[in-house]
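Just below is one structure, and these are the notes that go with it.
In what follows, chains are A, B, ... by sequence order, proteins preceding strands, each numbered from 1.
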Amino acid sequence: MSAPYNHSEVEHKWQKIWDDNKAFAATNDYSKPKYYALVEFPYPSGQGLHVGHPRPYTALDIVARKRRMQGYNVLYPMGWDAFGLPTENYAIKNKIHPRVVTENNVKRFKEQLHALGYSFDWEREVNTTDPNYYKWTQWIFLKLFNAGLAYKKEMPINWCTSCKVGLANEEVVNGVCERCGSEVVRKIKSEWMLKITEYADKLIEGLEDVDYIERVKVSQKNWIGRSEGAEVDFKLSGKEESLRVYTTRPDTLFGATYMVISPEHPYIDQFKDELKNYDEIMAYREMASKKSDFERTELAKDKTGVLLDGITAINPVNGKEIPIWISDYVLMSYGTGAIMAVPAHDDRDWEFAKKFNLPMIQVVAKEGEEVDINEAAFTDVATGVMINSDFLTGLDVTSAKEKIKDFLEEKKIGNRKVNFKLRDWVFSRQRYWGEPIPIVECEKCGFVALPESELPLELPEVDSYMPTDNGESPLAAMTDWVNTTCPCCGGPAKRETDTMPQWAGSSWYFLRYTDPDNKDALASKEALEYWMPVDWYNGGMEHTTLHLLYSRFWHKFLYDEKVVPCPEPYQKRTSHGMILGENGEKMSKSRGNVVNPDDIVREYGADTLRTYEMFIGAFDLSASWSENGVKGCRRFLDRVWKLQDILVDGDGYSSDLETLMHQTIKKVSADFESLKYNTAIAAMMSLINEFYKKGSVTRGEFGTLLTLLNPVAPHITEELWAVNGYSGYIYESTWPAYDEAKTVEDTVDIAVQLNGKTKTVLKLAKDISKDDALAAGKAALEGKISGTIIKEIYVPGRIINIVAK
RNA sequence: GCUGGUGUGGCGGAAUAGGCAGACGCGCAGGACUUAAAAUCCUGUGGUGGCGACAUCGUGCCGGUUCGACCCCGGCCACCAGCACCA
């Protein structure tokens with residue numbers, strides 16, 4: 001009898017051996033084929049590792065370990081995305097320097113990850129808060145600045161009233177702060193911006209060349225929000241000026257019955273003197289400005305607005321004079337801040353027109369069907385045919401769009417135009433714990449970049465990390481640090497006191513892993529050429545529109561600057577589902593359903609936790625935790641352990657299990673590549689069930705099983721490999737091969753159906769002739785067939801179907 | 001509202017390519033071992049009917065294509081996720 005399986009002993013033993021051997025360090029042997037597997041580096045929070053973390057880490061650890069056994073030079077790195085608000089808030093509350101908080105949290109995280117036996121290359125660990133790292137974050141910022149892609153702008157920002165910090169649009173969710181859930185209001189501030197909009201088209205086009213799961217691609221496209229339309233000028237009656245609008249439906253121009261401009265539109269001030277109801281308009285503008293974006297959306301059901309009494313516009317295609325309104329359903333930040341309203345064919349305009357009793361003109365009809373525009377706007381583009389539209393009448397919508405665009409451009413009253421929902425990236429944060437922005441403001445020279453030789457610009461020690469109510473960063477109080485000289489003219493200048501957002505450090509970290517200690521560049525050309533792009537990147541869906549888009553933007557910029565060798569950073573992107581509590585709800589302290597991975601490791605072992613998280617269900621869907629499920633996986637590993645007791649000599653596979661062995665190798669190999677970890681494990685469970693049924697397992701069979709299971713449960717398989725005298729380490733062994741021809745049995749089970757219903761199952765030779773198969777099928781159905789046979793179907797290896805009537 | 005996804009036993013979930021629905025695991029029931037319990041092992045386990053080999057129904061709902069549909073087509077319903085006054 002073998003000794004009982006002591007997971008704790010086995011796991012500690014092998015973790016030490018792997019460390020001592022530097023078993024998983026990627027080599028700089030650039031002649032070998034490479035594989036770069038990447039998981040999102042964690043934010044080292046004070047809570048420590050969550051059971052959600054091991055799911056993606058184990059999945060790619062499996063891929064990394066398998067690739068090593070297949071002969072690849074594998075890079076599977078880990079690091080820390082350590083700047084950020086929670087650390088700073090904790091530091092403020094407990095009066096500890098954020099650097100110290102970070103150090104402690106990193107230490108804890110690292111121990112926890114270590115205990116899970118991941119094959120990370122710890123020689124290449126990075127930390128975004130390390131000056132040797134953020135030197136290059138700042139360097140990239142300077143590149144962006146020098147290329148004109150970083151600029152400062154007075155703008156209304158999303159201001160979190162609790163964090164006292166400006167937020168990017170992406171960080172505001174349903175009108176509240178993504179992190180703390182507090183109210184977000186608008187505030188005017190001068191902020192650093194990055195022109196991500198310049199890359200909008202490239203960010204969409206690049207998606208065609210990469211292997212991302214569909215919903216990630218779709219989310220990115222939606223977020224960028226490309227739309228094709230036209231800008232059209234409507235002359236103001238009796239004036240030189242025109243009101244320019246953007247529309248995606250220029251085909252409906254003959255149906256425009258009024259216009260709407262945003263409350264912030266500059267024409268309101270420009271034509272102040274002509275507006276008879278200026279006071280009323282200003283009151284409306286005042287009211288609109290007080291609304292947060294959230295309220296604006298909340299009140300969307302009920303349209304509001306005020307007529308501009310005193311000015312009107314002329315529809316350029318038919319010369320009709322139409323009124324102009326202001327309403328907050330038109331946003332200054334999109335298009336031209338003004339629209340032509342076609343209530344018959346736009347839901348929002350329809351609502352507005354109904355409320356204020358404005359006329360409607362139907363210009364699109366549906367072929368062969370009545371459309372009542374008094375019931376609802378008719379917006380279907382696919383089936384629409386133009387009516388009441390002069391030279392457009394009779395055309396389908398798509399052709400009409402093209403024809404009117406040509407017309408507008410020919411008559412010089414408009415032009416084709418592409419717009420995006422994507423806005424420039426608000427890059428300033430008024431906080432301490434972030435990368436300082438390496439810019440000074442000189443009275444004479446304006447904004448000046450620090451010379452590269454002065455990087456890294458380190459965070460100074462401050463007395464207080466408290467953010468201030470006036471919206472300034474804590475760095476602003478450090479006058480010694482703030483006051484400096486201009487690198488350009490030598491005159492007095494002030495340092496920028498805003499810091500970068502957390503997204504900065506994570507926008508390029510995968511590049512640093514390729515050459516983490518480089519002092520002269522963010523990474524050497526050779527290292528980048530060899531390792532990039534990342535072959536497989538897995539991360540959470542919540543990072544699809546933020547981190548993923550930002551890092552692709554930086555990468556594309558660096559590609560244009562010839563810093564990196566490839567236009568896309570990640571060749572393949574997958575996403576894991578969340579792990580929920582036992583009750584099916586999101587894990588949280590308040591719900592009391594949090595599972596601590598340390599407890600599971602202590603009680604059942606890291607291998608059990610890893611196996612369980614891979615077995616829990618489809619990788620991309622969320623799954624509920626189940627303590628019983630954990631026990632089931634532990635039982636499986638116990639049964640693997642006890643196979644030692646029935647181990648017999650024989651390097652090969654026994655003849656009765658040969659097919660199953662080849663099938664299992666094939667299935668596990670394929671499933672590990674396609675996120676189907678659960679069925680790979682199920683196949684291995686079935687295999688050991690067969691060993692037990694038979695009562696013995698050969699050394700050859702056992703060795704293959706251990707190798708297949710090793711990526712999932714590395715410690716127990718390494719121990720069993722060593723204890724039972726297999727040579728070397730299993731992590732250095734070769735991934736098993738299978739013979740396609742041997743995955744099929746000589747005889748196969750074939751279902752015999754009568755009229756499509758299975759009646760019995762026959763064992764037939766796999767290469768039996770059609771006639772013989774059908775004869776055997778009919779014999780098996782003897783006595784059951786009534787009527788005459790009208791059809792006989794035989795699908796080799798699958799089914800025989802006799803149809804009788 | 002738009003986009004993407006998912007609906008299969010008591011539960012988590014399987015099912016290459018239209019071909020034996022329910023693999024694997026959990027739970028449950030019965031049995032073995034034990035003074036007993038835990039652990040472990042064995043057997044059974046979609047519903048209904050029957051002692052029984054068997055029959056019959058069954059993959060969210062309605063219909064269609066097909067010798068044959070969880071899978072394809074048309075029309076609904078529910079849930080999840082993302083976006084949401086973007087003209």
Side-chain angles (χ1 to χ4, degrees), chain A residues 4 173-174 213-223 225-227 229 245-250 252 260 262 293 296-297 299-301 303 327-331 333-342 345-349 351-352 379 419-423 541-542 544-545 575 577-578 611-612 615-618 620-633 635-636 638-639 642 666-667 670 676 678-687 689 692 749-762 790-805:
Chain A
V173 177
N174 291 331
I213 54 169
E214 191 56 27
R215 50 192 182 130
V216 169
K217 282 193 185 184
V218 169
S219 294
Q220 293 229 335
K221 281 183 199 158
N222 285 347
W223 193 264
R226 186 178 198 278
S227 89
V245 301
Y246 174 72
T247 177
T248 54
R249 296 292 305 274
T252 61
V260 187
S262 140
D293 275 353
R296 261 168 106 141
T297 318
L299 301 170
K301 296 132 212 160
K303 295 266 184 295
S327 173
D328 63 1
Y329 84 89
V330 174
L331 311 172
S333 52
Y334 185 78
T336 61
I339 62 158
M340 64 173 201
V342 185
H345 305 291
D346 181 277
D347 292 328
R348 295 149 303 180
D349 299 344
E351 259 179 65
F352 193 84
T379 58
N419 265 327
F420 298 94
K421 286 190 205 174
L422 187 70
R423 310 289 157 81
M541 270 315 283
E542 71 275 19
T544 302
T545 48
S575 227
M578 232 196 305
T611 307
Y612 173 64
F615 189 61
I616 192 167
D620 57 335
L621 299 178
S622 57
S624 300
W625 188 264
S626 157
E627 178 97 20
N628 280 325
V630 176
K631 285 181 187 161
C633 288
R635 205 169 289 149
F636 164 60
D638 276 325
R639 278 164 67 79
K642 283 186 283 191
K666 183 181 176 181
K667 175 140 188 71
K676 291 159 92 177
N678 53 340
T679 50
I681 293 167
M684 291 188 270
M685 287 173 168
S686 292
L687 181 63
N689 288 346
Y692 278 111
D749 289 343
I750 300 211
V752 181
Q753 298 185 335
L754 178 60
N755 295 333
K757 290 191 175 178
T758 303
K759 292 295 168 186
T760 186
V761 176
L762 291 179
I790 55 170
K791 202 161 186 179
E792 299 175 0
I793 291 145
Y794 170 59
V795 181
R798 299 224 181 257
I799 210 152
I800 291 165
N801 189 12
I802 306 296
V803 185
K805 224 174 191 173

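- When each of rA84(B), rA15(B), rA23(B) is scored by its nearest atom to the side-chain atoms of Lys676(A), the top-ranked nucleotide is rA15(B).
- Nucleotides rC72(B) and rG18(B) are separated by 8 Å at their P atoms, to the nearest Å.
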Checklist entry - For RNA chain B, what is the dot-bracket line, given that a base pair needs Watson-Crick (N1 to N3, plus N6-O4 or O6-N4) or G-U wobble (N1-O2 and O6-N3) geometry with both distances under 3.5 Å, and | means paired with another strand? => result (((((((..(((......[....)))((((((.......))))))((((....))))..(((((..]....))))))))))))....

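- Comparing rU45(B) with rC24(B), their P atoms sit 12 Å apart, to the nearest whole Å.
- Residue Asn689(A) places at least one side-chain N or O closer than 4.0 Å to OP1 or OP2 of rG25(B).
- Atom P of nucleotide rC26(B) and atom CZ of Phe636(A) are separated by 11 Å, given to the nearest angstrom.
- Across the P atoms, rC80(B) and rG63(B) are found 28 Å apart, a figure rounded to whole Å.
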Give me the distances for all protein-to-nucleotides 11-13 of chain B N/O pairs that come in under 3.5 Å?
from, atom 1, to, atom 2, distance (Å)
rG12(B), O2', Ile616(A), O, 2.9

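- A straight line from CD of Gln220(A) to P of rG82(B) spans 15 Å, rounded to a whole angstrom.
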Please list, pair by pair, any protein nitrogen or oxygen found under 3.5 Å from a nitrogen or oxygen in nucleotides 41-50 of chain B.
from, atom 1, to, atom 2, distance (Å)
rC41(B), OP1, Arg639(A), NH1, 3.1

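- Comparing the P positions of rA69(B) and rG10(B) gives a spacing of 24 Å, expressed to the nearest Å.
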Checklist outcome for this item: Once base and sugar-phosphate atoms are separated, protein heavy atoms under 4.0 Å mark nucleotides 28-34 of chain B, 5' to 3', with B, S and - as -------

Could you go through nucleotides 53-59 of chain B and list every protein N or O atom that sits under 3.5 Å from one of its N or O atoms, giving the distance for each pair?
none

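- The side-chain contact (heavy atoms from CB on, under 4.5 Å) test with Tyr794(A) is passed by exactly one of Ile800(A), Ile799(A), Ile802(A): Ile800(A).
- Between Tyr334(A) and rA87(B), a side-chain N or O to OP1/OP2 separation shorter than 4.0 Å is present.
- Spacing of C1' atoms, rC57(B) relative to rU6(B), comes out at 26 Å, to the nearest Å.
- Using a 4.0 Å cut-off, some side-chain N or O of Asn628(A) falls inside it from OP1 or OP2 of rG27(B).
- Following rounding to the nearest Å, Met541(A) (CE) and rA81(B) (P) show an atom-to-atom distance of 12 Å.
- Checking rC85(B), rC20(B), rU3(B) against the side-chain heavy atoms of Lys303(A) singles out rC85(B) as nearest.
- Side chain of Thr248(A), nearest nucleotide from rA87(B), rC20(B), rC24(B): rA87(B).
- Rounded to the nearest Å, the gap between the P atom of rU66(B) and that of rG60(B) is 23 Å.
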Polar pairs (N or O, both sides) under 3.5 Å between protein and nucleotides 17-19 of chain B?
from, atom 1, to, atom 2, distance (Å)
rG19(B), N2, Gln753(A), OE1, 3.4

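- If you take atom C1' in rG19(B) and the same atom in rA29(B), they sit 35 Å apart, rounded to whole Å.
- Here, rA84(B) and rG9(B) have their C1' atoms 39 Å apart, quoted to the whole Å.
- rG9(B) takes the syn form, because its glycosidic angle lies no more than 90° either side of 0.
- Taking only side-chain nitrogens and oxygens, Ser227(A) comes nearer than 4.0 Å to OP1 or OP2 of rA87(B).
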